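Quick note on labels: first sequence line is chain A, next is B, and so on, each numbered from 1. This one's a predicted model, so the numbers in the text were calculated from it and none came from an experiment.
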Amino acid sequence: MAELYIRVAEDENEEPMEIPSEDDGTVLLSTVAAQFPGACGLRYRNPVSQCMRGVRLVEGILHAPENDWGSLVYVVNYPKGKVYNKRKMDEMDAASAVKMKRSIEKTSDLIILGLPWKTSEQDLKDYFATFGEVIMVQVKRDVKTGNSKGFGFVRFTEYETQSKVISQRHMIDGRWCDCKLPNSKAGPDEPMRSRKIFVGRCTEDITTDELRQFFMQYGEVTDVFIPKPFRAFAFVTFADDQVASALCGEDLIIKGVSVHISNAEPKHNNSRQMMDRGAGASPSLAAMFDQTQYQYPSSHV
DNA sequence: GTTGAGCGTT
């Protein structure tokens, strides 16, 4: 048996992909996993019994049923206990899904503190290019003298690169430098970077503890707030704003209840006309009932 | 011609 391809799909109704077999007619699980990350096996629908059947798997090698793969479509098995979103994020757990979303999240400028006076933009570009593709670098200079002020900015193409760069110190031209999200991006002037989400369509039996337990799977939860009296929504604050923004727009199931996640908007301090709004108000209005102002602790960059 | 925590002329 030479150069055979078998048809494999995420789901019976999905478009199959052709996967190469080995010379002896077997298929390596690793070959399947290369196209379907996380795959742990294959199954297929028996044309006679109409039941699903598992494909024999021995030490990473998948064996054709009846020694012939035929033209059946084989369906990928994944480990149980995963979150199913019915998209491309199907077989990932929630944390991975958030990471995936984060990875396509737009990058932002990073401030570089502690640069040697002599460091040029070319020096910065050369250094940071070793981490990933660089979009721009700047060295801030005195407009009159042209001397460096000892700090600058850098921006990367990939969010992953940005995360890596933030996570460590940098030895640049003989000095240790720090790269951080600039205050202008993390401060109260940038509500878009909120770490707080609005959880709409809550039912009264969902407790703060249960919300915390549920949202923990996406990232560290720093606060949960349910307005009293009950108004069918809640606020959850994460340590990382990227987790919050990744969840916005999602419909999530908590205790069988479909809740809707949206951006928590800063509270208004104008407390006149808002007391006669009912439950189910829009997020922006509902956000007015929040009792805590946004905080941007300096402990978190 | 200096300096060493910070926060970006456009």
Point to revise | Partners passing side chain to side chain donor-acceptor pair (under 3.5 Å) against A:S258 (at least two apart in sequence or in another chain) | key: A:R201
Practice item. Indicate whether the side chain of A:T203 and that of A:D205 have a donor and an acceptor atom separated by less than 3.5 Å. Key: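 A:D205 and A:T203 do have a side-chain donor-acceptor pair below 3.5 Å.
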Review point. Is the side chain of A:R7 donor-acceptor paired with the backbone N or O of A:V73 at a distance under 3.5 Å, no angle test?
Key: no
**Study point:** A:R212 CZ: over 12 foreign heavy atoms closer than 6.0 Å
**Key:**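 Yes, CZ of A:R212 has more than 12 neighbouring heavy atoms, counting only those of other groups under 6.0 Å.
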Point to revise | Other residues, nucleotides, ligands: >12 heavy atoms within 6.0 Å of A:Q168 CD | key: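 Yes, enclosed.
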Review point. Which residues pass the side chain to side chain contact (heavy atoms under 4.5 Å, CB included) test with A:S30, sequence neighbours left out?
Key: A:L28
Check your understanding: Which residue pairs satisfy the ring-ring contact (aromatic ring centres under 6.0 Å, His included) criterion with at least one member in residues 115-137 of chain A, sequence neighbours excluded?
Key -> A:Y127-A:F131, A:Y127-A:H170, A:F128-A:F156, A:F128-A:H170, A:F131-A:H170
Review point. If you look only at pairs with a residue in residues 30-63 of chain A, which of them pass as a ring-ring contact (aromatic ring centres under 6.0 Å, His included), with sequence neighbours excluded?
Key: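 Listed once each, the pairs are A:Y44-A:Y74.
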Exercise for review: Could you tell me the separation between the CZ atom of A:R141 and the P atom of B:dC7, rounded to a whole number of Å?
Suggested key: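 To the nearest whole Å, that distance equals 20 Å.
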Study note, to complete from the structure: Expected list for residues 118-130 of chain A near DNA chain B, using heavy atoms below 4.0 Å, is none
Protein-nucleic acid N or O pairs under 3.5 Å, nucleotides 3-6 of chain B:
| unit_1 | atom_1 | unit_2 | atom_2 | d |
| --- | --- | --- | --- | --- |
| B:dG4 | O6 | A:W117 | NE1 | 3.0 |
| B:dG4 | N1 | A:L115 | O | 2.5 |
| B:dG4 | N2 | A:L115 | N | 3.3 |
| B:dG4 | N2 | A:L115 | O | 3.1 |
| B:dG4 | N2 | A:G150 | O | 2.8 |
| B:dG6 | O6 | A:G114 | N | 3.3 |
| B:dG6 | O6 | A:G150 | O | 3.2 |
| B:dG6 | N1 | A:K149 | O | 3.3 |
| B:dG6 | N2 | A:K149 | O | 3.3 |

Point to revise | Presence of A:K140 side-chain N/O under 4.0 Å of B:dT9 phosphate oxygens OP1/OP2 | key: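 Yes, because at least one side-chain N or O of A:K140 sits under 4.0 Å from OP1 or OP2 of B:dT9.
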